[in-house]
Structures are given as structure tokens and as C-alpha cells.
Colleague: 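The following block contains the structure, expressed as C-alpha cells.
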Amino acid sequence: MTFQFDPELVQVDIVSPTRDDALREVARPLVEQGCVGPTYPDLVCERERNYPTGLPTRGASVALAHADANGGVKGNHVAVGVLRSPVPFANMEDADEELPVRIIFILAMESAHAHLEMLTCMMRLIRDEELLSSLLHLETGDEVCHALNEHITP
């Protein structure tokens, strides 16, 4: 799968008081750009409550959220949100542990195969401590998008 992050789906300096607010805000461009149906943000929040996606990565804790149901997904997309302040997310490996998440990735993939390929790609990205740290200091969605696209390996 050939993939590039889309600057229209990347936001920085997001202020959200709760996990669900943060997820809905990061998912908003997916709806606005016609990548997903209007229920997708709620489906992402619902899945997050049942199956946490917070990861204790070096550089900045991240969440790799998505929805179980299709939610009207058209194509393969990843929305990215860099939060101004951390928001607590449950740890994927230990739901009783809260992580201070600063970067949220919301996957919207058309097929299970594409989803697995994207997860593989995302795991390579989130292992890069320097990249994650640098994302926290970038000022525009274009800069974040460029940094992420430079680190995608085919």
C-alpha cells in the first residue's frame, strides 16, 4: 500500500479537556473531507472505551485509535492530532494505567488488509523517539505532515 499523510487531516495545538473530546476533534477533518461518515468519531470513541489504544512510547505517548465498524470509510486515511497538553488515555497493555497522550493517530482504512499494513507502518513511526519529540514542537499541520511523510518507508 502506498500511503502519504494528508495535511488536510493533520492538526496541531489542539486543546481538549477529555479523551473523547480529543478523539472527536482529531476525527473531525475525516468527516469534513468526506473520508468517513458522520458517525465515525462516535464509533472511535466507543471502541476506545472498550479497547484502549494508548501506547507508552518514548518521546511522547501516542494513541492509535480507530473504529471497529466501517463507519462509512472511503479510501485509506490517517488523521493526526498534536495536543497542546496531555490528555489521559488508558494504556493498551494495561487498561488500569493512564498515559499522558500528546499525539493521536486515527486510522480510517477501507479493508482489514489495509488496516494491518497501516498498523505496521505506524509501529515503525512511533518507535522513532526523535520523530515523536519533534512533532510536539512543530507549528503547522503541513510541518507535521512533512515530517511524518519523510519517515515512511515503503
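Hydrogens, waters and symmetry mates play no part in the numbers below; they use all other heavy atoms, side chains included. From a predicted model like this one, the values you see are computed outputs, not experimental measurements.
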Colleague: I'd like to know if Arg24 pairs up with Asp42 as an ion pair, taking the criterion as any Lys NZ or Arg NE/NH1/NH2 lying under 4.0 Å from an Asp or Glu carboxylate oxygen.
Modeller: yes
Colleague: Considering all heavy atoms of both residues, which atom of Pro86 and which atom of Pro100 are nearest to each other, and what is their separation?
Modeller: CB-CB, 3.6 Å
Colleague: Give the minimum heavy-atom separation between Arg102 and Arg84, together with the two atoms involved.
Modeller: NH2-O, 3.3 Å
Colleague: Can you tell me how far the CD1 atom of Ile106 sits from the CG atom of Leu30, to the nearest 0.5 Å?
Modeller: 6.5 Å
Colleague: Quick check on side chain to side chain contact (heavy atoms under 4.5 Å, CB included): which of Val26, Leu23, Asp21 does Ser16 satisfy it with?
Modeller: Asp21
Colleague: Give the cluster check for Leu125 versus Met123: same hydrophobic cluster or not, with ILVMFWY residues linked at side-chain heavy-atom distances below 4.5 Å.
Modeller: yes
Colleague: To the nearest 0.5 Å, what is the distance between CG on Leu9 and SG on Cys145?
Modeller: 8.5 Å
Colleague: A side-chain contact here means heavy atoms from C-beta on lying under 4.5 Å apart; do Met109 and His66 qualify?
Modeller: no
Colleague: Answer yes or no: does atom CD of Glu150 have more than 12 heavy-atom neighbours from other residues, nucleotides or ligands under 6.0 Å?
Modeller: yes
Colleague: Hey, is Glu25 close enough to Arg28 for a salt bridge, meaning N to O under 4.0 Å?
Modeller: yes
Colleague: When rounded to the nearest 0.5 angstrom, what is the spacing between CZ in Arg19 and CD in Glu98?
Modeller: 9.0 Å
Colleague: Please report the shortest heavy-atom distance between Ile126 and Leu64, naming the atom on each side.
Modeller: CD1-CD1, 4.1 Å
Colleague: Between Phe105 and Leu148, is any pair of side-chain heavy atoms under 4.5 Å apart?
Modeller: yes
Colleague: Same hydrophobic cluster for Ile152 and Leu119, using side-chain heavy-atom links shorter than 4.5 Å among ILVMFWY?
Modeller: yes
Colleague: Measure the CD-NE2 distance between Gln4 and His146 for me, rounded to the nearest 0.5 Å.
Modeller: 10.5 Å
Colleague: Keeping Glu143 on the side-chain end and Thr140 on the backbone end, is there a donor-acceptor pair under 3.5 Å?
Modeller: yes
Colleague: Under 4.5 Å between any side-chain heavy atoms of Val87 and Val101, yes or no?
Modeller: no
Colleague: State, yes or no, whether a side-chain contact exists between Pro41 and Val31 at a heavy-atom distance under 4.5 Å.
Modeller: yes
Colleague: Minimum heavy-atom separation for Asn149 to Phe5, with atom names?
Modeller: OD1-N, 2.6 Å
Colleague: Roughly how far apart are Glu93 CD and Glu97 CD, rounded to 0.5 Å?
Modeller: 8.5 Å
Colleague: So if I apply the side chain to side chain contact (heavy atoms under 4.5 Å, CB included) rule between Leu83 and each of Ile14, Val12, Asp13, which one comes out positive?
Modeller: Ile14
Colleague: Can you check whether Lys74's main-chain N or O pairs, donor with acceptor, with His77's side chain at less than 3.5 Å?
Modeller: yes
Colleague: Report the C-alpha separation of Asp128 and Arg58 in whole Å, then their side-chain angles, then the decisive distance to 0.1 Å, and conclude whether the salt bridge (Lys or Arg N to Asp or Glu O under 4.0 Å) test is met.
Modeller: CA-CA 8 Å; Asp128 189 329; Arg58 292 186 171 150; over 6 Å; no
Colleague: Any side-chain donor paired with an acceptor under 3.5 Å for Thr53 and Glu48?
Modeller: yes
Colleague: Of the non-hydrogen atoms in Ala22 and Ile104, which two are nearest, and what is the gap between them?
Modeller: CB-CD1, 3.7 Å
Colleague: Examine distances only and state if a side-chain atom of Asn76 and a backbone atom of Ala114 form a donor-acceptor pair shorter than 3.5 Å.
Modeller: no
Colleague: Can you tell me how far CE of Met122 sits from CZ of Arg127, rounded to the nearest 0.5 angstrom?
Modeller: 12.0 Å
Colleague: Quick one: closest heavy-atom pair of Ala95 and Pro52, and the distance?
Modeller: CB-CG, 4.0 Å
